[in-house]
Chemist: 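Got a structure for you, questions after.
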Amino acid sequence: MCGIIGYAGSRNAAPLLLQGLRRLEYRGYDSAGVATLTCEGIAHRRAVGKLVNLEALLEKEPLLGTVGIGHNRWATHGKPTVENAHPHTSCNGRVAVVHNGTIENYIELRKELEAEGCTFSSETDTEVVAHLVERALRTGVPSLEDAVAASLTHLRGAYALAIISAEHPGEIVAARLSSALFIGFGAEGVMLSSDEVGFNGSASEVLALEDGEVATLCADGSRRLRGVSAEDMQARITPPSVSLDDIDKGGYPHLMLKEIDEQPDAIRNVLRGRLGTNSIKLGGVEAIKGRLADSRRIYMVACGTSYHAALFGKRLIEGLVRIPVEVALASEFFHEDVLVDKRDSVIGVSQSGSTFDTLRAIELAKKRKALTFGITNRVGSELAQLTGAGIYLHVGPECAVASTKAFTGQATAFALLALRLAYERGYMQDIQPLIRGLAMLPKWVEQALRTRAQIQSIVASISKAQRAIFIGRGYGVPLALEGALKLKEVAYIDAHGYAAGELKHGPLALVEEGTPVVAVALRSKVHTAMLANMEEAKARGAHVIALATQGDYEVPCVADECIELPDIPEELMAIVGAIPLQLLAYEWGVAKGLDVDQPRNLAKSVTVG
Ligand code: M6R
């Protein structure tokens with residue numbers, strides 16, 4: 001979704017802003033723009049579509065200036081047009097603004113400003129901010145920072161903002177509320193980005209803005225945080241958590257493939273320092289483990305792939321810890337009838353930690369006094385700030401839109417959490433085999449990655465199909481759902497995931513001669529039932545592709561093709577079984593010549609509701 005970038009320093013800003021916007025491309029966008037402070041005031045360039053269009057425009061009409069702001073826009077209020085692209089300027093053109101988030105009361109503010117004579121040139125909610133700042137400056141407020149602070153008092157909603165003014169050359173003012181914003185300090189100036197990735201490896205130190213904060217960044221290197229002493233500000237500065245290696249393709253044709261391949265190491269990172277030979281240590285859980293383990297009920301709230309990881313977490317926690325767990329799509333968890341209260345715990349699961357619906361669901365849980373907990377990959381993200389307790393994945397930045405290593409990272413984090421809570425409740429003896437299994441996970445995932453060549457040939461044989469069905473039972477259900485989601489988003493196949501027992505209650509009508517049915521048939525307590533479901537599909541002409549445990553002699557008797565995986569405890573099935581399903585989606589998307597890293601209509605972080 002939208003991405004913000006800013007630069008104040010000694011170099012020409014426009015090329016640096018463009019580089020930053022390139023790094024933010026993975027989030028998804030449909031128009032882009034930059035504005036710089038020049039000796040004549042503010043100049044801006046905006047273009048619809050991919051960044052090449054903005055780049056071409058900047059080549060034709062270059063921008064000078066060493067201070068500037070830029071933005072990738074993912075349309076919400078108004079179509080993706082040049083007029084609606086950011087930066088937005090005020091009536092006199094002397095204030096420019098870029099914004100992530102949503103200004104909820106923009107209609108009312110727009111009316112008020114129009115009544116005062118303001119002319120609007122876009123349909124966006126953002127433009128009101130430019131006019132409010134211009135109005136504040138006109139009333140004689142001495143600094144841009146004061147003008148921005150005064151304007152913020154009128155806004156309702158969520159925002160990360162970067163603002164420049166021709167009256168105050170040499171500075172950018174930034175503000176955040178419920179939308180991430182980072183300041184990066186580098187040798188050649190100070191930068192601003194809604195995602196650390198935007199610093200493009202050139203920040204040696206980073207500061208994450210907190211909700212309600214206003215920062216001023218100056219081209220001469222000085223910086224201040226409104227209401228925060230220089231010492232307190234210094235104490236919050238950290239080394240960057242993202243390196244260039246993390247975000248480059250590193251020789252791979254696509255980021256998605258790189259991230260799939262990174263999973264053995266990613267899982268090692270999730271386990272590092274947490275998995276002992278006989279114990280689990282989870283720093284973020286220690287202070288609240290008693291309350292979590294004694295919850296009347298645990299709710300999990302998440303979207304998309306994170307929702308599937310939560311479904312896997314539910315099975316683990318119900319199975320090992322014996323606490324009832326409800327998994328809710330975060331977008332369905334905001335209404336008054338949700339039964340959560342202070343006896344419950346609510347776990348928000350989000351790779352980005354900035355998914356709008358997940359954050360709103362956690363806010364509701366907090367209002368109801370439930371214990372809140374976050375499982376996220378992004379250190380300092382909104383989810384981490386909102387929950388205050390949780391588990392970081394540490395799988396490294398995930399830049400391809402399709403989530404892969406975050407899913408297996410989340411599933412691994414759930415396994416750790418379930419084992420830790422099981423220990424808390426005194427069930428430790430039962431879980432020794434799982435602790436040993438977790439230690440083996442990276443090796444098993446390496447083995448699973450070796451199925452790629454086989455998957456390429458499977459794709460070659462089925463790539464004409466328009467539809468695919470994924471089925472699983474027990475721990476295999478979240479996997480079937482996730483396999484279908486991956487194939488939908490990356491290869492645009494009409495893919496459906498079901499609990500296998502449901503097949504004959506409707507979906508079987510979709511099966512015709514040659515329909516690919518992908519069956520999660522790894523060894524488990526529900527193996528026999530799974531074999532029967534595969535037979536049902538086969539009898540209707542399905543081309544059955546099974547994930548099977550090495551050495552299983554029954555599955556090959558039913559399936560047309562078997563993708564063999566190591567013999568793993570069924571509780572860890574989702575982690576190892578995800579790999580061939582991710583590869584299937586990737587290879588199918590590539591075979592169709594699609595942009596697998598940035599599928600159509602999708603964004604990496606969904607920061608609007
Ligand atoms: O950052 P989050 O985990 O909160 O994102 C949730 C979903 O938007 C995300 O998982 C989405 O479904 C992915 N594109 C799936 O690959």
Side-chain angles (χ1 to χ4, degrees), residues 1-3 26-28 74 100 178-180 194-195 197 254-257 259-260 263 266 300-313 327-333 347-362 374-384 386-387 390-393 395-411 413-414 470 478-479 481-493 495 497 574 578-579 581-586 588-589 594-609:
M1 294 225 147
C2 303
Y26 81 95
R27 297 167 64 91
W74 193 84
N100 285 0
S178 305
S179 188
S194 50
D195 181 330
V197 164
H254 300 101
L255 285 164
M256 182 178 174
L257 184 61
E259 289 164 6
I260 290 174
Q263 288 176 103
M300 294 178 184
V301 290
C303 307
T305 289
S306 296
Y307 172 77
H308 298 151
L311 289 174
F312 171 67
V327 184
L329 287 166
S331 53
E332 294 295 319
F333 196 79
I347 303 183
V349 191
S350 170
Q351 185 283 130
S352 61
S354 60
T355 299
F356 177 90
D357 289 328
T358 308
L359 297 175
R360 296 299 83 82
I362 290 291
I375 297 186
T376 183
N377 193 29
R378 273 187 57 219
V379 176
S381 60
E382 293 93 320
L383 181 64
L386 208 55
T387 48
I391 303 176
Y392 281 125
L393 303 183
V395 299
E398 189 181 67
C399 294
V401 165
S403 187
T404 53
K405 62 177 178 174
F407 175 76
T408 49
Q410 288 163 337
F414 269 121
F470 290 71
L479 209 43
L481 298 177
E482 175 58 9
L485 176 65
K486 230 45 344 141
L487 193 59
K488 239 182 284 212
E489 64 179 336
V490 174
Y492 310 159
I493 298 293
I579 311 297
L581 302 185
Q582 295 166 354
L583 287 169
L584 181 73
Y586 171 77
W588 205 330
L594 300 175
D595 182 354
V596 292
D597 282 343
Q598 286 174 37
R600 67 184 176 205
N601 305 336
L602 301 182
K604 183 64 184 164
S605 303
V606 183
T607 50
V608 292

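Along the sequence shown, the residues carry numbers beginning at 1. Worth saying up front: this structure is predicted, and the values here are computed from it rather than measured. Order of listing sets the numbers, starting from 1, for every ligand and every atom in it.
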Chemist: Heavy-atom contacts with Ala402 under 4.0 Å: which atoms of ligand 1 show up? List them by number with element.
Modeler: 16 (O)
Chemist: Any idea which protein heavy atom is nearest atom 7 (C) of ligand 1, and the distance to it?
Modeler: Cys303 O, 3.7 Å
Chemist: Considering Thr376, Asn377, Val401, Thr355, which one's heavy-atom position lies nearest to atom 5 (O) of ligand 1?
Modeler: Thr355
Chemist: For atom 16 (O) of ligand 1, what's the nearest protein heavy atom and its distance?
Modeler: Glu489 OE2, 2.3 Å
Chemist: Looking at ligand 1, does any of its N/O atoms fall within less than 3.5 Å of an N/O of Gln410?
Modeler: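 Among all N and O atoms of Gln410, none is under 3.5 Å from an N or O of ligand 1.
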Chemist: Walk me through whether Ser306 and Gln410 qualify under side-chain hydrogen bond (donor to acceptor under 3.5 Å, both in side chains).
Modeler: CA-CA 8 Å; Ser306 296; Gln410 288 163 337; 2.9 Å; yes
Chemist: Can you find a pair of side-chain heavy atoms, one from Glu382 and one from Ser178, that are under 4.5 Å apart?
Modeler: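 With C-beta onward as the side chain, the pair stays apart.
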Chemist: Show the atoms of ligand 1 that are less than 4.0 angstrom away from any heavy atom in Ser350.
Modeler: 1 (O), 2 (P), 3 (O), 4 (O)
Chemist: Any non-hydrogen side-chain atom of Leu485 less than 4.5 Å from a side-chain atom of Tyr307?
Modeler: no
Chemist: Does the side chain of Asn377 reach to within under 4.5 Å of the side chain of Tyr392, using non-hydrogen atoms?
Modeler: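 Sidechains of Tyr392 and Asn377: no contact.
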Chemist: Below a 4.0 angstrom heavy-atom separation, can you tell me which part of Lys486, side chain or backbone, both or neither, approaches ligand 1?
Modeler: side chain
Chemist: Val349 versus Phe414: any side-chain heavy-atom pair under 4.5 Å?
Modeler: yes
Chemist: Going by the atom numbers of ligand 1, which of them fall below 4.0 Å from some non-hydrogen atom of Ser306?
Modeler: 2 (P), 3 (O), 10 (O)
Chemist: Going by heavy atoms in the side chains, are Thr408 and Gln582 under 4.5 Å from each other?
Modeler: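 Yes, side chains in contact.
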Chemist: Look only at the side chain of Glu482 and the backbone of Ala309, and say whether a donor-acceptor pair between them is shorter than 3.5 Å.
Modeler: no
Chemist: What atoms of ligand 1 come closer than 4.0 angstrom to any heavy atom of Thr305?
Modeler: 10 (O), 12 (O), 15 (C), 16 (O)
Chemist: Keeping Thr358 on the side-chain end and Ala302 on the backbone end, is there a donor-acceptor pair under 3.5 Å?
Modeler: no
Chemist: Ser352 to ligand 1: N or O pair under 3.5 Å?
Modeler: yes
Chemist: Please write down residue, atom name and distance for the protein heavy atom closest to atom 8 (O) of ligand 1.
Modeler: Val606 CG2, 4.0 Å
